[in-house]
There are 2 protein chains.
Amino acid sequence: MATMHDVARLARVSVSTVSYVLTGTRPISQATRDKVLAAMAELDYQPNAMARGLASRRSRIVGLLMPMDERGLGATETAFVTGAAAAASAAGYHLVLSPVGVGDLDDLRRLASQRMLDGAVLMEVQVEDGRVAALQEAGVPLVLIGRTGDTTGLAYVDIDFEQTVRQAVEHLVGLGHRRIVYVNHSAATIAAGYGPAVRTRDAFVAAMSGHGLEPVMIPAEDSAAGGRAALTAALDQAPDLTAVLAMNENAIFGILGELAVRGLAVPHDVSVVSMVTSPQVAELATPALTAMTSPGSALGRMAVEALLRRLEDGGDDDHQRLLPCALEIRGSTGPAPRPTAAAGGGDTVPTRSGPPGT
Amino acid sequence: MATMHDVARLARVSVSTVSYVLTGTRPISQATRDKVLAAMAELDYQPNAMARGLASRRSRIVGLLMPMDERGLGATETAFVTGAAAAASAAGYHLVLSPVGVGDLDDLRRLASQRMLDGAVLMEVQVEDGRVAALQEAGVPLVLIGRTGDTTGLAYVDIDFEQTVRQAVEHLVGLGHRRIVYVNHSAATIAAGYGPAVRTRDAFVAAMSGHGLEPVMIPAEDSAAGGRAALTAALDQAPDLTAVLAMNENAIFGILGELAVRGLAVPHDVSVVSMVTSPQVAELATPALTAMTSPGSALGRMAVEALLRRLEDGGDDDHQRLLPCALEIRGSTGPAPRPTAAAGGGDTVPTRSGPPGT
DNA sequence: TTGAAAGCGCTAACAA
DNA sequence: TTGTTAGCGCTTTCAA
């Protein structure tokens, strides 16, 4: 393996000249540069990453920190990872994947103190997330995917849940739906302050109220069984429902199954919209799901790009950016059925008509 | 940030003693060790990863190399990643995620020459995979997830497709099925020599022949639409089919949809087995899919562990290990229907009965 | 059982 | 525009 010394000797220049050719931190005459480049090519020279990192105090490595609690990653989280990896790689950085949960603060501090990471992207951020403070104290620049409760001074990218929910509700209202049930994550998850669950809940209340409609919400465990139970509960609470909006990617197939069992056709009797979903998953259902497609890999990419920008510029701009999910209309939504032979009696009267279309 | 010097000074020993306490490469008296450890604790000392890497020529970083061509990772591949990350982290190593496809050989060589990786795990290995040679030439120890055509001298972990297919076929034959169709990946994928597609194809032929049955196989594009088309083709070719075995995780929901459209009930009319699937995906279907559950995260873990073993022991044992998928019986398989009112006329007569049960 | 000191391969003053 | 050289923080010989 050729070193910088070898290159310098072959090119008949000093090591520092070789170094400066590489880093571009000082002007080099064209002639010298050519000599050096030729020598590099001839020796097939590649700078040693560790030596460079030690001398420059910059490893060119960024961390992607994700909790590994549950049953692996969903499609959306996986997209964060691939998007981040691609962005880092494109910028000549390396991305290390570190499974550090909210509980492993000591591990995280240890990791940060090793000075291996120039910066970090935090996934699955909690409303109260000790990892943020731990990294800040260690002086590790960071960008969140998601948001903590207090975001002052923090850089993050996140899904624009407010906008996403509003758009989903508008789609349904535009189709004439009035009785819309929102199936969220589990009560425990909401209570734990999981951002997406909390924000969509609030956004749903706001969106429905804006249309003069009552916001009916049901929590569901993250499983098909949870979805079944949620639909049952939903029909108990709102027998005249004509549309379901579901945040819970795991529950939604249970919802569809339970609808089928009850002889309720999608979208003829009940329209279904899946929130924050990947197209792959939406396509699995029959009919394919109308869904709010999450900008997963874009978020991963943007998080890394924001991080690198602040590493290179030394810039301290708090990059805070929200991306809405995109409404992709497939087969699971349609006009609201005429309110003739609904299951039970409607217990709420819409106070006004929605807009004509979407 | 405290350095080794600080620790040495505080403990009133030399730096080398501190280093030896850390690495354990030479005996240290208990008294000295205690002094050093106390000083480390007091200073909250963490060794600098770059300095250590430069001096020891071992970065404690391993690479997970995955192509990023297609539409992201499936659930199985994601499990590789999380399993590998967990294993690396547990062993005190770091895992860098590098999107290097079979086409990016130059990128790969560059990466390898940077001496940043102590070793690498290769994902989505092709039958002919230039990355293997590139890494070997660069002197980077590697372990494959999957297999190349010629595996002599290579370390790998992979799914035992032969065993997996055999078990799936036996499950169906045990239920009385005789007319079983195998839905594979696309013809192009098979032609490209994608290992799982080729190996399951061969294994299916062998397993069916072993039961004296005709192996009917249909390729399918990796999408719901592909699955629909495949089922149509399958019914053309074998109108009397009673079971479908599907390798293609994306196609299978299309198959289910098309079965429903045609009024064929699962499992009453047609049994369906999904191969190399994650439980999460299997649970999404209604009824939940009987599936061969892939040992995804175990494979990722084993690959990293095998790699680290060979890094630490310097051992050159070619770790070659196959793990079968586990049959998980859910609701999509049942006894074969009585061969009374099948769609068309059977064009193959089973030559003997299968075993009684499974 | 311990210490002194020579690197590891690079970056970045400092000097010319 | 280029060269000299002192580190970066650690590992590991060599010597005691």
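Scope of the values below: all heavy atoms of this structure, side chains included, with no hydrogens, waters or symmetry mates. The sequence lines fix the lettering, A, B, ..., with proteins before strands; numbering per chain opens at 1.
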**OP:** Please check the phosphate of C/dG3 (OP1 and OP2 only) for any side-chain N or O of B/Ser14 closer than 4.0 Å.
**Re:** yes
Original post:
Heavy-atom distance under 4.5 Å between the side chains of A/Leu122 and A/Leu135, does that happen here?
Top reply: yes
Subject >> From A/Arg131 atom CZ to A/Thr148 atom OG1, the distance as rounded to the nearest 0.5 Å >> reply: 11.0 Å
Subject >> Gap between atoms CZ and C1', on B/Arg12 and C/dT1 respectively (whole Å) >> reply: 19 Å
Original post:
Between B/Arg57 and A/Ala55, which has a closest nucleotide on DNA chain C that is more 5'?
Top reply: B/Arg57
Original post:
Any side-chain heavy atom of B/Val81 within less than 4.5 Å of one from A/Leu97?
Top reply: yes
**OP:** Rounded to the nearest 0.5 Å, what's the gap from NE2 on B/His94 to CG on B/Leu117? Could you check?
**Re:** 12.5 Å
**OP:** May I ask you to check whether B/Ser16 and B/Ser19 show a side-chain donor-acceptor distance below 3.5 Å?
**Re:** no
Original post:
Please give, in whole Å, the distance from C/dA12 P to A/Met4 CE?
Top reply: 10 Å
**OP:** Mind checking A/Thr23 for me? I need base, sugar-phosphate or nothing, with any heavy atom below 4.0 Å counting as a touch.
**Re:** sugar-phosphate
**OP:** May I ask you to say what A/Val18 touches in the nucleic acid, namely base, sugar-phosphate or nothing, with a heavy-atom cut-off under 4.0 Å?
**Re:** nothing
**OP:** First locate atom OG of B/Ser59, then atom CD1 of A/Ile61, and finally report the distance between them rounded to the nearest 0.5 Å.
**Re:** 8.0 Å
Original post:
Just the endpoints, please: which first and last nucleotides of DNA chain D, 5' to 3', lie under 4.0 Å from a heavy atom of chain B?
Top reply: D/dG9 to D/dC14
Original post:
Atom CE of B/Met50 to atom C1' of C/dG9: distance rounded to whole Å?
Top reply: 13 Å
**OP:** Starting from C1' on C/dT11, measure out to CZ on A/Arg60 and report it in whole angstrom.
**Re:** 13 Å
Original post:
Roughly how far apart are B/Met123 CE and B/Met68 CE, rounded to 0.5 Å?
Top reply: 11.0 Å
Original post:
What about B/Arg26: does its side chain form a donor-acceptor pair under 3.5 Å with the base of C/dG3?
Top reply: yes
Original post:
Ignoring hydrogens and angles, are the base of C/dA13 and the side chain of A/Tyr20 linked by a donor-acceptor pair under 3.5 Å?
Top reply: yes
Subject >> Separation of C/dG9 C1' from A/Leu22 CG (nearest whole Å) >> reply: 12 Å
Original post:
To the nearest angstrom, how far is A/Leu54 atom CG from C/dG9 atom C1'?
Top reply: 9 Å
**OP:** Check every strand shown and say whether A/Thr17 touches a base, only sugar-phosphate, or nothing at a heavy-atom separation below 4.0 Å.
**Re:** sugar-phosphate
Original post:
Quick one: B/Arg52 CZ to C/dG9 C1', roughly how many Å, whole number?
Top reply: 18 Å
**OP:** Can you check whether any acceptor in the base of C/dA5 is under 3.5 Å from a donor in the side chain of B/Ser16, or vice versa?
**Re:** no
**OP:** Take atom CG of A/Asn48 and atom P of C/dG7, then tell me their distance rounded to the nearest Å.
**Re:** 17 Å
